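To start, the structure under review is shown below, and the notes come after it.
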There are 2 protein chains.
Amino acid sequence: MQLRMTNQREMILRELKKSKGHLTADELYERVKKFMPRISLATVYRNLEILSDVNMIRKLEISGRQKRFDSELEDHDHIYCVECHRIENLEISKNQVELPVEDAHGYTITGRRLEVTGVCPRCQKKIAKTKKQ
Amino acid sequence: MQLRMTNQREMILRELKKSKGHLTADELYERVKKFMPRISLATVYRNLEILSDVNMIRKLEISGRQKRFDSELEDHDHIYCVECHRIENLEISKNQVELPVEDAHGYTITGRRLEVTGVCPRCQKKIAKTKKQ
DNA sequence: CTCCTTGTGATAATTGTTTTCAACAGTAAG
DNA sequence: CTTACTGTTGAAAACAATTATCACAAGGAG
Ligand SMILES: [Mn+2]
Ligand SMILES: [Mn+2]
Ligand SMILES: [Zn+2]
Ligand SMILES: [Zn+2]
């Protein structure tokens, strides 16, 4: 059950790392296609799934939206703009969020996901403009 | 711009309250159909969206899964089982999660969503059994 | 009543993702 | 080298959730 680093897999990983962002499968597909024109979107989805299964990348599942992928493995949360859906990293110190380590309803806790929502500076300006008129 | 309480709307709201749970649009559709056999799933989606827009219900967007709707308006978070996807309420006191009230990357913060994941007691037992064999 | 808005059910379309499958490539024996 | 096995691929179809479209019905306002 060891992972073979195929060309496609490597390319996908490289492009994700290069971008430094939080890309969707199809954004990544567009980038990879530049170098591998015959690759299919299914292959991109497939490999993103595999890579996140083996913890080489992180899968971000922002509520009700398209999945995004992150090559940064360090523990961090995200903030996203409710207007334009931009996503940015958010450093939250561990002690800002303290959770019951176990035994909430008898659950064994495996993780937590914190999403902070807001309006990004750009969208604030945009909104301010529209209001003036 | 006031909300008219149509029969369908009322029925959907009543059934959601009655259930006390966290239902998906189609679970609710099945329930409402018992009383209104001609209602369509689109109407259920439409009205759930409208009802949550005017804050008569809450829309729960659990990562990577189908939206669920909650008739409880009080501020509370949720825990869900990564095995069976059961969702339960989680009371987290405000001071267990303290966030930058504003100015994370210049964002105006509008909210936060906290998801705690774990394995529910039922699934723990199930897993324990499978391991024995 | 007429005009205007809102809500409706049926259906089609769209979106994001997963599955299927035949062809292909890498590895390990025999 | 042949054989068998395994994982991977691209293309296409299937899929589930959601949203858009449309023609019609119901409810006021004037
Ligand atoms: Mn990140
Ligand atoms: Mn709840
Ligand atoms: Zn924005
Ligand atoms: Zn469970």
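Everything quoted here is computed from the prediction, not taken from an experiment. So you know, we letter chains A, B, ... as the sequences are listed, proteins then strands, and number each from 1.
Between the CD1 atom of Ile62(A) and the C1' atom of dG16(C) there is a distance of 16 Å, rounded to whole Å. Computed from coordinates, the Met5(B) CE to dT6(C) C1' distance equals 14 Å when rounded to whole Å. We find that CZ of Arg38(B) is positioned 10 Å from C1' of dT8(C), with the value rounded to whole Å. Distance, Gln66(A) CD to dG16(C) P: 4 Å, rounded to whole Å. Look at CZ on Arg68(A): it is 16 Å from P on dT15(C), rounded to the nearest Å. Between Leu41(A) atom CG and dA14(D) atom C1' the separation is 15 Å, expressed in whole Å. One atom, NZ of Lys59(A), and another, P of dT17(C), lie 9 Å apart when rounded to the nearest Å. In this structure, OH of Tyr29(A) is placed 8 Å from P of dA11(D), rounded to the nearest angstrom.
Within 3.5 Å, no donor on the side chain of Arg46(A) pairs with an acceptor on the base of dG7(D), nor the reverse. For a distance-only test at 3.5 Å, the side chain of Arg65(A) fails to qualify as a donor-acceptor partner of the base of dG16(C).
Atoms CG and CG, on Asn47(B) and Leu16(B) in that order, are 12.0 Å from each other to the nearest 0.5 Å.
For Asn47(B), whose side chain is taken as the heavy atoms from C-beta onward, the closest listed nucleotide among dG7(C), dT8(C), dG9(C) is dT8(C). Comparing atom distances between the Tyr45(A) side chain and each of dT8(C), dT17(C), dA10(C) picks out dT17(C) as nearest.
The phosphate of dT8(C) (OP1 or OP2) has a side-chain N or O of Thr6(B) nearer than 4.0 angstrom. Between Asn7(A) and the phosphate of dA25(C), there is no side-chain N or O to OP1/OP2 separation shorter than 4.0 Å. Between Arg9(A) and dT8(D), a side-chain N or O to OP1/OP2 separation shorter than 4.0 Å is present. Here Thr43(B) reaches the OP1 or OP2 of dG9(C): one of its side-chain N or O atoms lies under 4.0 Å away. Contact between the side-chain N/O atoms of Gln8(B) and the OP1/OP2 oxygens of dG7(C) is not found at any separation under 4.0 Å.
Nearest-nucleotide assignment on DNA chain C puts the 5′-proximal partner with Ser40(B), out of Glu49(A) and Ser40(B). Positionally, the nearest nucleotide of DNA chain D for Ile50(A) lies more toward the 5' end than for the other of Ile50(A) and Lys67(B).
More than 12 heavy atoms of other residues, nucleotides or ligands sit less than 6.0 Å from atom NZ of Lys33(B).
A salt bridge does not link Glu61(A) with Arg65(B): every distance from a Lys NZ or Arg NE/NH1/NH2 to an Asp or Glu carboxylate oxygen is 4.0 Å or more.
Donor-acceptor pairing under 3.5 Å is lacking for the side chains of His105(B) and Asn89(A).
Leu60(A) and His78(A) get closest at one heavy-atom pair: CD2-CE1, 3.4 Å.
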